[in-house]
2 protein chains.
Amino acid sequence: MKRNPTPRAGAPRRAPLTRDAIAEAALAQIDAHGLEVFSMRRLGAALGVEAMALYHHFRGKGPLLDAVMERLLDEVEIAPRGSLPPLERLRRAMVSYRNLALTHPQAFILLVYRRFNTERTFQLYEQILEMFADAGFESPLAARFFRTLGYFVNGAGMADIASRAQQPDATPVKLEQYSDREKYPRVAAVAPHLRVNNLDAIFTFGLDSIFEAMKRAAAPARRTGR
Amino acid sequence: MKRNPTPRAGAPRRAPLTRDAIAEAALAQIDAHGLEVFSMRRLGAALGVEAMALYHHFRGKGPLLDAVMERLLDEVEIAPRGSLPPLERLRRAMVSYRNLALTHPQAFILLVYRRFNTERTFQLYEQILEMFADAGFESPLAARFFRTLGYFVNGAGMADIASRAQQPDATPVKLEQYSDREKYPRVAAVAPHLRVNNLDAIFTFGLDSIFEAMKRAAAPARRTGR
DNA sequence: ACCTGAACACCGTTCAAGT
DNA sequence: ACCTGAACACCGTTCAAGT
């Protein structure tokens with residue numbers, strides 16, 4: 001059997017490599033098999049190329065992972081300015097960011113420890129901080145809540161991933177110990193409220209707590225009495 | 001030159017390996033050189049032993065890293081029950097936990113993605129949840145704030161580490177871009193408030209916001225008016 | 001310009017063997 | 001019981017060479 005006929009004579013039998021195509025394939029590999037086993041050689045094989053060909057487009061594995069991280073940032077949905085009240089826009093952006101932990105559980109950690117490696121992060125920060133300004137926050141207060149929200153959404157993403165899947169190379173433990181009422185009675189009592197299908201509601205709860213604090217801080221003059 | 005004389009005839013020229021000694025040396029290696037370059041072979045060399053000797057005490061690298069993580073958990077300071085009001089005890093425990101990101105920046109991430117691999121974590125959770133119960137929180141509400149605090153302290157630890165040190169294998173970027181007022185004016189405006197020596201104050205601010213929400217939720221009946 | 005082949009200096013882990 | 005030596009199947013990255 002001949003291989004698939006090419007549309008035009010002389011066309012290459014596969015699309016030439018580009019930075020985008022490589023980063024896209026890398027994210028697909030990480031989503032499918034995990035960051036632990038991701039390697040330049042495996043990625044090359046998946047692209048039908050020797051690993052060394054990738055070095056023509058990226059200086060190394062680190063910069064390639066940074067490009068993968070940028071693809072994640074591209075998936076954060078930001079509502080158009082003016083389409084919603086500023087704090088609601090901000091809230092939805094935070095929800096969208098945390099959703100990356102659900103859609104890309106294996107890759108999400110790249111955001112956590114590589115986000116300051118690239119300029120792309122500052123584009124997102126600029127948009128977020130614009131929302132703070134639109135909501136009337138001065139820089140010192142914006143900086144504090146910006147950071148607090150960032151801590152929360154990154155921590156939530158990582159924790160939800162950790163709750164959903166134990167590491168493959170973990171110390172083997174018996175899960176039933178954790179619901180052992182004798183040994184960990186408090187843990188046993190809250191465990192039913194921490195089931196995986198409750199994690200969305202818990203995230204929303206925590207996010208609301210922070211937004212309520214923001215609303216109070218933004219409008220201290222409106223408090224009843226003094 | 002002869003090697004150091006041993007205290008007793010027939011005593012081994014180095015202390016025999018134990019799980020504790022290995023885990024301690026592993027943490028020291030990670031603190032000194034980073035998790036990226038940490039390897040069984042390097043650890044063996046640091047202990048004056050072949051890497052394969054470590055497999056007599058640990059089933060593999062994963063379980064060894066779990067033991068290192070447990071050592072970090074051991075450093076969390078929990079005030080004796082009754083020595084402080086429950087919420088103040090809880091607050092100090094959170095501060096102590098986040099401080100691990102400062103004392104062990106290279107190892108802290110083990111807590112983030114390996115903490116559910118071992119039973120030791122549930123000892124700490126039991127203590128934390130006891131504080132919630134002592135403060136009068138019912139399980140559903142305790143679960144929500146327990147999780148919210150966890151998100152926040154883990155996210156804060158990771159973010160503070162990322163802010164303090166760029167990854168060694170990062171895409172090279174020019175740092176001055178980030179304070180470019182033309183390109184990222186909002187980022188430039190808040191940047192002075194996000195300097196490394198302000199991170200402690202920002203952490204305290206965010207923690208206070210969450211604790212204020214907890215105090216309101218714990219005592220809804222005490223609100224003036226209705 | 002883009003990719004390959006061979007090589008270098010590493011990994012984690014297994015197995016059989018030593019003491 | 002505790003450790004070693006050799007081996008296996010991998011890594012990321014370099015370099016010179018091919019087209």
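A, B, ... follow the sequence lines: proteins, then strands. Residue 1 opens every chain. No experiment lies behind these values; they were computed from the predicted model shown.
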- Item | Residues which pass ring-ring contact (aromatic ring centres under 6.0 Å, His included) with B/Phe132, listed by chain and number, not counting sequence neighbours | B/Phe137
- Message: Run the side chain to side chain donor-acceptor pair (under 3.5 Å) test against A/Arg81 and tell me which residues pass, sequence neighbours left out.
- Response: A/Glu130, A/Asp134
- Sequence-distant partners of A/Thr121, side-chain contact (heavy atoms from CB on, under 4.5 Å), two or more places apart: A/Met69, A/Leu73, A/Arg115, A/Thr118, A/Tyr125
Please set out all donor-acceptor pairs under 3.5 angstrom arising from side-chain atoms of residues 22-32 of chain A, sequence neighbours excluded.
from    : atom 1 : to       : atom 2 : distance (Å)
A/Asp31 : OD1    : A/His104 : ND1    : 3.1
A/Asp31 : OD2    : A/His104 : ND1    : 2.8

- Within residues 24-31 of chain B, the residues having a heavy atom closer than 4.0 Å to DNA chain D are none
Compile the donor-acceptor pairs under 3.5 Å between side chains in residues 47-54 of chain B and protein atoms, sequence neighbours left out, one pair per line.
none

- Message: Going by the rule salt bridge (Lys or Arg N to Asp or Glu O under 4.0 Å), which residues pair with B/Arg91 if we only count those two or more places apart in sequence or in a different chain?
- Response: B/Asp208
- Item | Set of residues satisfying ring-ring contact (aromatic ring centres under 6.0 Å, His included) with respect to B/Phe205, sequence neighbours excluded | A/Phe145
- For DNA chain D, list all stems, counting runs of three or more consecutive pairs where every pair is Watson-Crick or G-U wobble with both distances under 3.5 Å. C:4-8 with D:12-16, C:12-16 with D:4-8
- Task: Could you list all the salt bridge (Lys or Arg N to Asp or Glu O under 4.0 Å) pairs where at least one residue sits in residues 143-162 of chain A, not counting sequence neighbours?
- Result: A/Arg98-A/Asp160, A/Arg147-B/Asp160, A/Asp160-B/Arg147
- Message: Can you list everything that forms a ring-ring contact (aromatic ring centres under 6.0 Å, His included) with B/Phe152? Sequence neighbours excluded, please.
- Response: A/Tyr151, B/Phe203
- Item | Sequence-aligned protein contact record of nucleotides 8-19 of chain C, with B where the base is within under 4.0 Å of a protein heavy atom and S where only the sugar-phosphate is | ---BBBB-----
- Salt-bridge contact B/Arg120-B/Asp66 (side-chain N to carboxylate O under 4.0 Å): no
- Task: Just compare C/dC3, D/dC3, D/dG5 and give me whichever is closest to any side-chain atom of B/Glu50.
- Result: D/dG5
